[in-house]
Amino acid sequence: MKVSADVRVMIERRKKGYTLEAPFYTSEDIHALDLDVIFRKHWIQVAVEPDVPEPGDYVTVEIGNDSVLIVRDDDMQIRAFHNVCRHRGARLCNSEKGSLGNIVCPYHSWTYNLSGDLMFAEHMGDQFDRCKHSLKSVHLENLAGLIFICLADEPPADFGVMRAAMEPYMLPHGLNETKIAASIDIVEEGNWKLTMENNRECYHCVANHPELTVSLYEYGFGYQRTPANEEGMAAFEETVARRTAQWEAMNLPSAEIERLADLVTGFRTQRLPLDRDGESQTLDAKVASKKLLGGFEQADLGGLSFWTQPNSWHHFMSDHIVTFCVIPLSAGRTLVRTKWLVHKDAREGIDYDVNNLTAVWRATNDQDRTLVEYSHRGATSSAYEPGPYSPFTEGLVEKFCEWYIARLADYADAPETKLPVDSEPASHGEKVVSFMR
Amino acid sequence: MKVSADVRVMIERRKKGYTLEAPFYTSEDIHALDLDVIFRKHWIQVAVEPDVPEPGDYVTVEIGNDSVLIVRDDDMQIRAFHNVCRHRGARLCNSEKGSLGNIVCPYHSWTYNLSGDLMFAEHMGDQFDRCKHSLKSVHLENLAGLIFICLADEPPADFGVMRAAMEPYMLPHGLNETKIAASIDIVEEGNWKLTMENNRECYHCVANHPELTVSLYEYGFGYQRTPANEEGMAAFEETVARRTAQWEAMNLPSAEIERLADLVTGFRTQRLPLDRDGESQTLDAKVASKKLLGGFEQADLGGLSFWTQPNSWHHFMSDHIVTFCVIPLSAGRTLVRTKWLVHKDAREGIDYDVNNLTAVWRATNDQDRTLVEYSHRGATSSAYEPGPYSPFTEGLVEKFCEWYIARLADYADAPETKLPVDSEPASHGEKVVSFMR
Amino acid sequence: MKVSADVRVMIERRKKGYTLEAPFYTSEDIHALDLDVIFRKHWIQVAVEPDVPEPGDYVTVEIGNDSVLIVRDDDMQIRAFHNVCRHRGARLCNSEKGSLGNIVCPYHSWTYNLSGDLMFAEHMGDQFDRCKHSLKSVHLENLAGLIFICLADEPPADFGVMRAAMEPYMLPHGLNETKIAASIDIVEEGNWKLTMENNRECYHCVANHPELTVSLYEYGFGYQRTPANEEGMAAFEETVARRTAQWEAMNLPSAEIERLADLVTGFRTQRLPLDRDGESQTLDAKVASKKLLGGFEQADLGGLSFWTQPNSWHHFMSDHIVTFCVIPLSAGRTLVRTKWLVHKDAREGIDYDVNNLTAVWRATNDQDRTLVEYSHRGATSSAYEPGPYSPFTEGLVEKFCEWYIARLADYADAPETKLPVDSEPASHGEKVVSFMR
């Protein structure tokens with residue numbers, strides 16, 4: 001896909017500290033560009049290790065029109081394939097999740113093993129070469145139990161930077177020893193970038209998130225120091241310092257790492273105390289699951305948060321993990337998939353109650369959905385123009401926009417890839433996105 | 001938006017006395033042009049004064065992707081603003097109507113007063129200039145209680161011609177002293193111009209509108225004189241002459257004013273007697289509300305009709321007013337909003353019955369919806385070609401088409417407006433509508 | 001509609017023996033091209049004679065945005081007209097079927113006779129020429145009771161080749177003496193060509209069609225001879241030879257005629273025995289209707305199949321006929337209309353049971369719908385690439401693709417038709433379909 005002169009102009013004139021121009025939110029052509037440049041060329045968080053606990057377990061995930069089959073093979077390795085038969089192109093697995101021995105196409109029974117090799121195809125004659133008809137694989141990385149895929153031929157090379165930084169923070173929480181207690185998909189009638197921008201600030205929390213702010217310190221997300229909040233902020237900083245010392249003694253890293261805009265595989269992490277001497281993101285700030293994660297013996301470990309570009313965020317607590325990934329469905333529709341993970345030995349109804357476990361983020365997601373929808377409707381207006389971000393509370397929103405615009409700019413500047421005629425049907429090839437036609 | 005050579009060709013070759021070429025009805029690109037040229041640059045009737053009787057009362061109306069907030073301020077002035085926060089662009093008011101003290105954005109609580117001034121915005125720092133972030137206002141005119149808005153920077157200058165002509169006709173009916181007894185929205189699966197064309201003739205009334213033709217003289221809308229109807233038309237003309245004399249004595253003007261095609265803000269009016277010595281557009285031709293409007297003491301004042309280009313018509317009777325406005329939703333979907341107004345002191349169930357009040361136009365609207373849908377389906381056919389209007393009964397349909405084509409032609413001929421980069425995102429700027437690509 | 005250079009490239013590089021490139025299945029632009037080149041310029045099977053048994057009986061069929069009225073006139077001739085009034089363009093008949101004396105427009109009562117002549121139009125004045133406002137006719141052929149229409153001005157000239165070949169096969173089954181016992185429409189969420197390709201092979205039958213394969217010999221549709229099936233195929237061939245001799249003695253032709261790719265009006269036919277010494281395509285392979293067709297006295301006449309390009313197939317048995325036609329609704333949605341015909345004197349509940357009559361193809365259609373949908377989803381993937389057809393079981397799929405590509409190629413190579421300005425609105429005229437923009 002080519003980037004037209006008009007989109008280049010909008011990329012170049014993007015005003016720092018301001019929201020994006022409207023077409024970045026509303027145009028279906030830019031949506032197609034986002035899929036191509038952002039979602040097909042970057043590391044996208046799409047699943048967790050407990051999605052596929054046993055050999056043969058699979059999940060399918062859809063990014064744009066691509067369906068990807070994520071399956072654990074008989075050697076316990078997690079693999080990803082394009083979910084497309086090499087015969088007539090039928091989609092192989094048509095459920096969201098399941099378990100299988102071999103991958104058998106429902107159309108004409110072409111049969112692949114869990115490594116993607118074509119094992120059987122009837123009536124194809126003697127000239128037919130099975131070896132040339134294996135499933136097409138997709139790049140996959142497993143970061144401490146979070147599964148990322150990349151649809152590009154050559155994925156961004158800096159995944160290792162994120163891995164090296166994050167494993168010490170995440171591994172103590174033992175995500176690979178969890179199970180999925182609940183998974184909820186919601187669809188927001190707004191652009192995916194509005195969903196992400198909303199995630200990257202807590203300026204809106206006070207007025208909108210009564211459940212979340214039970215345990216969340218709003219001071220932790222940038223705040224203009226005023227006489228009115230001087231006392232609260234000082235108390236917060238004292239709490240952070242005291243907790244940090246405790247966590248360090250337990251080998252639980254907590255310092256902020258902020259690489260949101262300077263890496264292709266951008267991310268940020270920080271462990272913060274919870275408000276009200278809280279243990280977990282619940283309605284009473286107590287743990288939701290009695291069976292703590294990763295062999296922890298103490299419940300008040302604060303909240304470790306991990307944000308990735310372009311599409312995920314995750315909160316790790318002592319008793320459970322909440323993991324969010326975002327997939328654009330169209331310029332104005334976005335899927336937000338939330339999973340709540342507890343220790344794999346925790347017993348539902350005994351160690352945890354699903355309603356209690358999910359209460360805060362069910363409410364918060366719903367509130368955020370409404371805000372994203374208000375924003376999207378506003379962005380469609382002819383009166384919309386980029387507005388100013390707060391230099392205090394919206395600094396990370398600005399980082400998201402900077403990263404996004406930089407990724408588009410890099411792509412627009414890259415020398416054109418010549419596509420071989422055979423492997424790339426024309427419609428998937430060149431399309432100029434243009435606005436000032 | 002630029003008008004392509006192909007559309008110019010269709011504008012130029014439009015054949016007088018014939019329906020428009022199919023793309024004017026079916027093309028989404030011409031729909032976008034209609035929004036831009038017709039609905040964003042002309043006076044559009046969207047509301048009535050009784051929509052916002054008290055200070056702080058508001059309604060929101062949507063034209064294309066623009067949401068406009070119409071609010072009565074504390075000084076009783078009715079104002080219109082773009083319903084878009086100047087911070088992150090969220091839609092401010094997300095209900096169709098309501099009441100408020102200040103305008104508070106639901107996202108981050110930016111707060112505007114009823115004059116649109118930004119009064120409060122947290123965390124924005126010392127460099128931030130509140131005065132540069134007022135709500136964007138929209139032009140508004142209140143014509144004897146009918147509210148028109150114009151989204152253009154410079155509205156058509158001839159609104160005053162319509163005001164001067166119409167106030168003497170309308171003011172006696174005291175629209176500003178009415179209340180909304182009923183409001184019904186219907187969506188027609190057809191182009192808005194088919195809705196308007198249907199409104200501009202009564203050739204179809206005999207076969208389709210048994211309820212409306214109880215009180216409506218079909219002779220009043222153009223008729224080929226034939227031996228068969230000679231007697232009826234003569235009787236009608238005698239009735240008109242007699243009634244006109246009575247109304248003149250009461251200072252109720254009734255003469256036709258027809259400025260449909262020679263003004264940018266085109267309109268037409270006429271007061272006609274009702275059939276069966278009728279008082280009102282009801283199933284029995286008697287008044288629907290015992291409490292007469294505007295201090296009238298006599299019920300049989302005929303029907304004063306007022307038609308405007310591009311999108312409204314209104315019937316004023318002694319006891320109630322029915323007001324219609326039309327908003328395109330897409331090339332093939334159109335909103336028709338009907339409001340029935342009675343004296344503000346009329347008591348529901350005592351002075352009027354809502355079912356009786358609305359019966360004629362609920363039935364008639366539904367019949368017209370079906371006809372518009374049949375027309376739209378026909379216009380999508382490859383066999384469709386412009387057909388001839390009756391020179392007798394479809395003269396005002398022709399006037400509507402003439403006005404419409406002239407408005408497009410004027411726009412196509414106008415020198416291009418240069419848009420400043422900052423205030424106008426590219427996607428709202430230039431788009432060529434083309435058909436012969 | 002012009003064919004862009006990019007589509008020409010895809011037409012030229014089409015690889016024999018492989019599925020089509022993805023845009024042929026997924027692109028809305030190629031869907032528009034398919035409607036224009038395939039469905040508006042070829043003979044399309046849309047109805048059967050028993051749809052309109054009596055004078056004044058009509059059905060309406062929709063191809064793209066065109067609605068066609070098929071009506072039997074008072075002289076028993078079946079005619080086809082564009083279902084569009086010549087006045088304001090309203091659709092005339094708004095039901096799928098019915099009966100009428102004259103064709104009266106619901107809008108302003110313009111009245112046409114069953115030959116399409118305008119008989120009456122009020123208020124049009126003395127200058128109006130009724131003769132210039134007849135309904136526009138559509139070409140129609142009735143092949144032994146199967147009704148084909150062609151929307152082109154000049155239909156393909158080779159319909160007679162198909163007629164001459166097919167009448168001896170079809171006439172003995174007396175389709176014109178049948179009635180419609182059941183008619184079911186289903187919508188498949190896939191491209192119409194995937195529906196047709198699925199119809200042109202039985203490679204998928206074993207794994208997917210338990211009901212159909214009761215009576216259908218899979219050997220009859222191409223099979224790789226292997227040691228494992230050697231015995232079954234030899235037995236099948238012996239049965240074919242024996243049956244053929246019997247049918248010849250009865251003057252029932254059975255030999256394959258295969259003209260799928262060498263004619264513009266491509267077709268194929270063959271009479272094959274049914275498995276299990278079967279009589280009919282039912283769950284027990286026995287006749288579904290006791291009243292045999294066409295004066296037959298013997299029930300085990302096998303199945304005569306008739307396949308046409310681009311959009312139909314039909315199975316004629318001794319007791320009933322099943323007839324299928326396919327109409328594209330969009331790139332990804334396809335209507336499949338199935339009708340079950342029995343002798344017109346067969347009595348429901350006595351001679352036949354509708355559930356039993358329709359059981360096999362209701363189940364089979366539903367299974368095929370699922371397979372088409374899997375295929376379509378796969379074709380949308382960026383990983384899709386044309387895959388190889390079996391040289392044994394998918395030879396007729398290849399013929400379908402060859403025919404389709406040849407039809408597009410012929411069109412792309414044809415000198416451009418100049419369209420007169422008056423009869424052809426611009427939007428129906430030139431549109432370039434392009435993919436490598």
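Numbers restart at 1 for each chain; the letters A, B, ... are given by sequence-line order, proteins then strands.
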Check step by step if side-chain hydrogen bond (donor to acceptor under 3.5 Å, both in side chains) holds for A:Asp51 and A:Tyr58.
CA-CA 7 Å; A:Asp51 275 313; A:Tyr58 74 86; over 6 Å; no
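With a 4.5 Å cut-off on non-hydrogen atoms, C:Tyr25 does not touch chain A at all. Proximity to chain A is absent for every atom of C:Glu373, based on heavy atoms less than 4.5 angstrom apart. Interface remark: A:Glu62 contributes no atoms to any contact with chain C (heavy atom separation under 4.5 Å).
Not a single salt bridge (charged side-chain N to carboxylate O under 4.0 Å, His left out) links C:Arg362 to another residue, sequence neighbours left out. Under the rule for a salt bridge (charged side-chain N to carboxylate O under 4.0 Å, His left out), C:Glu211 has no partner lying at least two apart in sequence or in another chain.
Less than 6.0 angstrom separates the ring centroid of A:Phe148 from the ring centroid of A:Phe159.
A salt bridge links A:Glu189 with A:Arg333; the closest basic N to acidic carboxylate O contact falls under 4.0 Å.
Counting heavy atoms from C-beta outward, C:Ile38 and C:Trp192 have side chains that approach closer than 4.5 Å. Residues C:His31 and C:Pro328 have side chains in contact (heavy-atom distance under 4.5 Å, counting atoms from C-beta outward).
Of the listed residues C:Gly378, C:Gly222, C:Cys205, C:Pro388, the one with more heavy-atom pairs under 4.5 angstrom with chain A than any other is C:Pro388.
Sorted by first and then second residue, the side-chain hydrogen bond (donor to acceptor under 3.5 Å, both in side chains) pairs with a member in residues 391-403 of chain C read A:His87-C:Glu394, A:Arg88-C:Glu394, C:Arg14-C:Glu398, C:Glu258-C:Lys399, C:Ser390-C:Thr393; sequence neighbours excluded.
Identified by a heavy-atom distance below 4.5 Å to chain C, the contributing residues of residues 90-98 of chain A are A:Ala90, A:Arg91, A:Asn94, in residue-number order.
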